[in-house]
Amino acid sequence: MSGTPFLTAVARIITRHKLYNIRLHTSSYTAMALTQVSSNKCFDGFQKVFEHDSTELKCKMRFGIYLPPKAESGKCPVLYWLSGLTCTEQNFITKAGSQQEAAEHGIIIVCPDTSPRGCNIEGEDESWDFGTGAGFYVNATEDQWKVNYRMYSYITEELPHLISSNFPADSERMSISGHSMGGHGALICALKNPGKYKSVSAFAPICNPMQCPWGQKAFNGYLGSDKSKWESYDATVLVSAYSGPQLDILIDQGRDDQFLAAGQLLPDNFIAACTEKKIPVVFRLQQGYDHSYYFVCSFISNHIKHHAKYLNA
């Protein structure tokens with residue numbers, strides 16, 4: 001058998017490897033090298049994990065990225081997924097089952113970690129709902145946290161620069177989604193940046209963090225006691241003042257979610273604010289479902305189709 005096909009395949013693999021072993025240069029951020037941590041073929045695309053030194057967070061960060069088959073031949077739109085409390089980049093990429101639908105619609109999915117890690121800040125590892133794994137997608141203003149805990153700027157600025165500079169991503173076609181704390185993150189990122197994201201969706205989001213124990217603990221710790229600072233990271237407050245392109249918001253919520261019953265999520269407050277502002281929101285209360293990734297994987301296909309409608313328009 002001729003060796004040519006084998007050599008061609010090797011050359012293509014090497015070329016693909018070199019594509020990701022480059023450095024990012026922008027006016028806003030210093031050069032950052034990506035290190036590939038893992039790569040697995042999945043539905044004819046690749047699920048990869050990379051590590052880099054973050055300018056915003058002053059630590060090493062990891063993100064997962066699914067590259068659909070279409071990424072081999074051209075630029076693709078990007079869906080950013082924000083995970084919830086205690087999660088890393090691994091939870092979504094191993095449990096949600098998003099890759100098949102992303103491959104079909106030609107969508108890159110980027111899944112960052114949920115906080116800085118290993119910053120040696122006193123108290124960062126003392127509880128599961130604050131500090132490590134619980135960045136709440138804010139830019140902290142309290143002295144102890146403000147140097148590293150800048151997840152809002154990391155998600156909305158640094159990470160999109162990194163992705164568009166190193167992968168075949170169309171920076172003009174972005175959407176955002178997330179679960180629980182990440183659903184809160186997705187909603188506030190979309191509401192604070194009119195027109196930046198083509199669509200937004202969420203699973204069991206923390207809709208009104210100023211009024212729930214999780215949000216009050218996080219905001220008091222990261223932002224201090226001045227509640228006027230809290231308002232800029234609360235989706236229910238933000239939607240009341242939203243002015244920009246029409247958003248088509250999709251939210252799924254499990255009826256048997258223990259955190260819904262505990263008053264941590266407060267979707268009714270958000271829906272009321274959307275209704276008052278005449279912002280369309282599809283809210284689906286799913287009978288029998290809880291807060292887990294069993295719930296997320298049951299409806300992730302619907303959400304990717306929701307985003308594909310706008311990303312591929």
Side-chain angles (χ1 to χ4, degrees), residues 20 24 29 32-40 46-67 78-96 98-99 102 108-121 123-140 145-167 169 174 176-189 202-203 205-206 214 218 221-222 233 292-293 296 300:
Y20 306 119
L24 168 65
Y29 298 100
M32 289 175 283
L34 290 180
T35 301
Q36 183 169 288
V37 176
S38 64
S39 178
N40 301 92
F46 285 89
Q47 178 63 63
K48 295 174 178 283
V49 174
F50 288 90
E51 185 175 73
H52 71 103
D53 290 311
S54 168
T55 301
E56 287 287 356
L57 308 179
K58 307 293 190 293
C59 68
K60 288 189 180 298
M61 290 293 287
R62 288 188 177 188
F63 64 87
I65 182 168
Y66 180 70
L67 297 164
V78 184
L79 173 61
Y80 287 88
W81 171 270
L82 308 184
S83 293
L85 291 165
T86 76
C87 290
T88 69
E89 81 289 341
Q90 288 293 316
N91 297 71
F92 181 78
I93 69 176
T94 58
K95 295 180 179 180
S98 62
Q99 291 91 347
I108 293 170
I109 301 183
V110 176
C111 181
D113 202 349
T114 54
S115 77
R117 293 183 186 268
C119 297
N120 298 314
I121 301 171
E124 67 180 346
D125 296 320
E126 288 182 0
S127 58
W128 64 274
D129 56 358
F130 184 78
T132 301
F136 263 85
Y137 304 104
V138 304
N139 284 348
W145 306 97
K146 68 182 182 181
V147 172
N148 302 102
Y149 277 68
R150 297 180 50 80
M151 285 298 292
Y152 173 73
S153 288
Y154 177 72
I155 296 300
T156 60
E157 298 295 336
E158 181 178 357
L159 190 58
H161 277 295
L162 188 70
I163 297 303
S164 63
S165 297
N166 287 279
F167 302 97
M174 301 192 303
I176 194 162
S177 184
H179 173 228
S180 192
M181 177 185 73
H184 143 77
L187 291 173
I188 66 167
C189 287
F203 291 80
I206 302 171
W214 278 341
Y222 295 134
Y233 295 106
S292 70
Y293 264 88
V296 173
I300 191 65

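Below, all heavy atoms of this structure are taken into account, side chains as well, without hydrogens, waters or symmetry copies. Small disclaimer: the values here were computed from a predicted structure and weren't measured.
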Taking every non-hydrogen atom, the tightest pair across [X] and [Y]:
X: Val296; Y: Ala96; result: CG1-CB, 4.2 Å
X: Ser115; Y: Gly135; result: CB-N, 3.7 Å
X: Ala134; Y: Tyr222; result: O-OH, 2.7 Å
X: Ser54; Y: Met61; result: CB-CG, 3.9 Å
X: Pro160; Y: Ile155; result: CD-O, 3.1 Å
X: Ser177; Y: Ala202; result: OG-N, 4.2 Å

Check the pair His179 / Tyr293 against ring-ring contact (aromatic ring centres under 6.0 Å, His included), numbers first and verdict last. CA-CA 9 Å; His179 173 228; Tyr293 264 88; 5.4 Å; yes

Return yes if some donor-acceptor pair links the side-chain N/O of [X] with the main-chain N/O of [Y] below 3.5 Å, else return no.
X: Asn148; Y: Cys59; answer: no
X: Thr114; Y: Cys87; answer: yes
X: Gln99; Y: Ile93; answer: yes
X: Glu158; Y: Glu56; answer: yes
X: Tyr152; Y: Ala140; answer: no
X: Tyr233; Y: Asn139; answer: yes

[atom1]/[X] to [atom2]/[Y] distance, rounded to the nearest 0.5 angstrom?
X: Ile65; Y: Ile163; atom1: CD1; atom2: CD1; answer: 4.0 Å
X: Asn40; Y: Lys48; atom1: CG; atom2: NZ; answer: 9.0 Å
X: Ile121; Y: Thr132; atom1: CD1; atom2: OG1; answer: 8.0 Å
X: Ser83; Y: Tyr137; atom1: OG; atom2: OH; answer: 5.5 Å
X: Ile300; Y: Trp81; atom1: CD1; atom2: CH2; answer: 4.5 Å
X: Thr86; Y: Met181; atom1: OG1; atom2: CE; answer: 8.5 Å

Just wondering, do [Y] and [X] contact through their side chains at under 4.5 Å, heavy atoms?
X: Leu159; Y: Phe63; answer: yes
X: Ser98; Y: Tyr66; answer: no
X: Leu85; Y: Trp128; answer: yes
X: Tyr80; Y: Cys189; answer: no
X: Met151; Y: Phe136; answer: no

Should the pair Phe130 and Trp145 be assigned to parallel (<30°), tilted (30 to 60°) or perpendicular (>60°) ring geometry?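 The rings of Phe130 and Trp145 stand perpendicular, inter-plane angle above 60°.
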
Please identify each residue that fulfils side-chain hydrogen bond (donor to acceptor under 3.5 Å, both in side chains) with Ser38, with sequence neighbours left out.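 Partners of Ser38 under the side-chain hydrogen bond (donor to acceptor under 3.5 Å, both in side chains) test: none.
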
Kindly say whether the aromatic ring centers of Phe167 and Phe50 come within a distance under 6.0 Å.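 Yes, ring centres under 6.0 Å apart.
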
Which residues pass the side-chain contact (heavy atoms from CB on, under 4.5 Å) test with Thr88, sequence neighbours left out?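 For Thr88 the side-chain contact (heavy atoms from CB on, under 4.5 Å) partners, ignoring immediate neighbours, are Gln90, Asn91, Asp113, Arg117.
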
